[in-house]
2 protein chains.
Amino acid sequence: MSKESPRRTELLALAARLFAERGYVSTTVRDIADAAGILSGSLYHHFDSKESMADEILRGFLDELFGTYAEIEAAELGPRRTLEAVVVASFDAIHRRPHEVAIYQNEAKHLAQSERFSYLDERNTEFRRLWNRILTDGVRAGVFREDLDVELVYRFLRDTVWVAVRWYNPEGPLAADAVAKQYLGILLDGIATGRRRAGK
Amino acid sequence: MSKESPRRTELLALAARLFAERGYVSTTVRDIADAAGILSGSLYHHFDSKESMADEILRGFLDELFGTYAEIEAAELGPRRTLEAVVVASFDAIHRRPHEVAIYQNEAKHLAQSERFSYLDERNTEFRRLWNRILTDGVRAGVFREDLDVELVYRFLRDTVWVAVRWYNPEGPLAADAVAKQYLGILLDGIATGRRRAGK
DNA sequence: CCATCTCCCTAGCAAGTGCTTGGTAGGGTA
DNA sequence: TACCCTACCAAGCACTTGCTAGGGAGATGG
């Protein structure tokens with residue numbers, strides 16, 4: 001049960017892939033064991049439950065992700081560049097940890113109901129504060145439209161960024177960075193031609 | 001097993017709610033029966049399987065939804081107004097059929113692997129063609145930016161519209177129509193102030 | 001007044017679920 | 001030689017899953 005074994009890391013990566021592909025509940029411990037070429041009981045030499053596998057996967061991912069966000073905020077780039085950096089960092093996370101992002105997207109809501117995964121809600125709150133800060137700062141600084149419903153824009157942003165994990169292919173021709181730039185183009189300037197209408 | 005019974009419709013609505021809230025696999029036939037105040041075996045008087053419940057729910061919803069889309073297209077409003085109408089109709093679907101939309105969003109990918117649900121993939125293709133038509137028409141007509149990656153914008157649109165079902169509350173203060181308008185504001189004109197940058 | 005139909009119950013089955021147990025092969029260390 | 005370690009297997013336990021068989025109470029209609 002030592003946390004440093006390479007075999008253990010391997011099994012965790014396998015579990016993450018299966019959780020992402022089939023969903024947490026639909027993935028059985030036998031599925032994971034089969035993929036690893038061992039019997040289901042043998043998994044319990046490395047982990048003490050299926051739940052603790054998901055826990056470890058999500059914890060590691062979120063710690064890394066929010067570490068990156070903290071660095072971006074600390075750099076104090078101003079609202080617009082901070083927004084761009086956070087979006088780029090999020091797409092980068094989709095590129096490097098697609099399975100973890102998928103699990104976070106698809107299972108967080110159900111898992112968060114359990115006491116053990118209460119940190120998921122905390123992270124959500126943290127994320128929401130981050131976006132609200134960026135947006136309100138931007139509106140105040142005059143770089144974002146002042147008629148924005150900040151709370152609504154936050155939801156759109158959050159969803160828009162993460163939901164890309166459903167179709168993004170890390171090995172495809174479209175790099176995460178390019179997708180991020182396209183997204184930012186739409187988000188910041190819209191898809192319509194011509195001058196913006198005044199007011200709302 | 002008659003399809004016209006009011007009790008049957010009631011049970012189907014109950015199942016839809018549970019499928020949406022807990023997910024299809026996590027919802028047991030006993031859960032559905034409990035919610036209806038009967039025993040699990042009694043459900044099989046009305047339906048011949050759990051799968052057929054999901055099938056009926058999704059089929060009915062998609063038939064209705066794509067009927068609306070067809071009407072919009074037939075009205076030939078031009079690219080911009082068509083886009084607006086489709087977005088509004090989609091948010092309206094989220095308002096009126098939140099459970100069905102949630103099931104469609106969360107379970108379609110898994111269900112579509114089964115032969116029985118092959119119409120899900122067909123609807124996806126249909127949906128994609130619809131959006132691509134609107135967007136390319138709009139670019140050609142000069143109402144949408146010509147540097148748009150149409151395929152990417154399509155994904156962006158599709159995901160962002162439907163994902164709102166995760167937070168939208170039909171009984172909340174924010175009406176679906178208002179959300180749609182805000183969303184269209186962001187999509188068409190962006191959140192940034194100032195003149196649009198030229199080119200990409 | 002009997003027959004049929006609707007809707008539900010009682011009881012249970014076969015398959016599959018996460019997890020536990022006792023044990024073993026192979027290797028390193030003293 | 002003695003001991004401990006990692007990584008696994010074989011077997012199975014308690015429980016849950018979707019689903020089935022057979023029957024019964026009450027309303028409907030000829």
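These numbers come from the heavy atoms of this one structure, side chains and all, not from hydrogens, waters or symmetry mates. Residue numbers begin at 1 in each chain, while the letters A, B, ... track the order of the sequences.
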Table of protein N/O atoms under 3.5 Å from nucleotides 8-13 of chain D N/O atoms:
| residue | atom | partner | partner atom | Å |
| --- | --- | --- | --- | --- |
| D:dC8 | OP1 | A:Arg7 | NE | 3.0 |
| D:dC8 | OP1 | A:Arg7 | NH2 | 3.0 |
| D:dC8 | OP2 | A:Arg7 | NE | 3.3 |
| D:dC8 | OP2 | A:His46 | NE2 | 3.0 |
| D:dC9 | OP2 | A:Leu39 | N | 2.7 |
| D:dC9 | OP2 | A:Ser42 | OG | 2.9 |

Whole-Å distance between [N] [atom2] and [X] [atom1]?
X: B:Asp48; N: D:dA21; atom1: CG; atom2: C1'; result: 16 Å
X: A:Arg22; N: C:dT17; atom1: CZ; atom2: P; result: 11 Å
X: B:Asp34; N: C:dC9; atom1: CG; atom2: C1'; result: 14 Å
X: A:Phe47; N: C:dG18; atom1: CZ; atom2: P; result: 15 Å
X: B:Leu43; N: C:dC7; atom1: CG; atom2: P; result: 13 Å
X: B:Ile32; N: D:dG18; atom1: CD1; atom2: P; result: 8 Å
X: B:Leu18; N: D:dG18; atom1: CG; atom2: P; result: 12 Å
X: B:Glu51; N: D:dG18; atom1: CD; atom2: P; result: 12 Å

Under 4.0 Å between any heavy atoms, over every strand shown, what does B:Ser26 touch: base, sugar-phosphate, or nothing? Just pick one.
->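 Nothing, no heavy atom under 4.0 Å.
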Think A:Tyr44 has a side-chain N or O under 4.0 angstrom from the OP1 or OP2 of C:dT20?
->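 Indeed not, no polar side-chain atom of A:Tyr44 lies that close.
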Residues which pass side chain to side chain donor-acceptor pair (under 3.5 Å) with A:Tyr104, listed by chain and number, not counting sequence neighbours =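 A:Asn124.
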Under the side chain to side chain donor-acceptor pair (under 3.5 Å) rule, collect the residues that match up with A:Thr160, sequence neighbours excluded.
->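 Residues passing side chain to side chain donor-acceptor pair (under 3.5 Å) with A:Thr160: none at all.
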Taking atom CZ of B:Arg129 as the centre, report whether more than 12 heavy atoms of other residues, nucleotides or ligands fall under 6.0 Å from it.
->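 Atom CZ in B:Arg129 is not packed in, count stays at 12 or less.
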Thinking salt bridges, do B:Arg81 and B:Glu84 make one under a 4.0 Å N-O criterion?
->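 Yes, this pair counts.
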Considering only NZ, NE, NH1 and NH2 on the basic side and carboxylate oxygens on the acidic side, decide whether B:Asp159 and B:Arg155 come within less than 4.0 Å.
->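 No, no charged N to carboxylate O under 4.0 Å.
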How many angstroms lie between atom CG of A:Leu12 and atom CD1 of A:Ile57, to the nearest 0.5 angstrom?
->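 Taking CG in A:Leu12 and CD1 in A:Ile57, the distance rounds to 4.5 Å.
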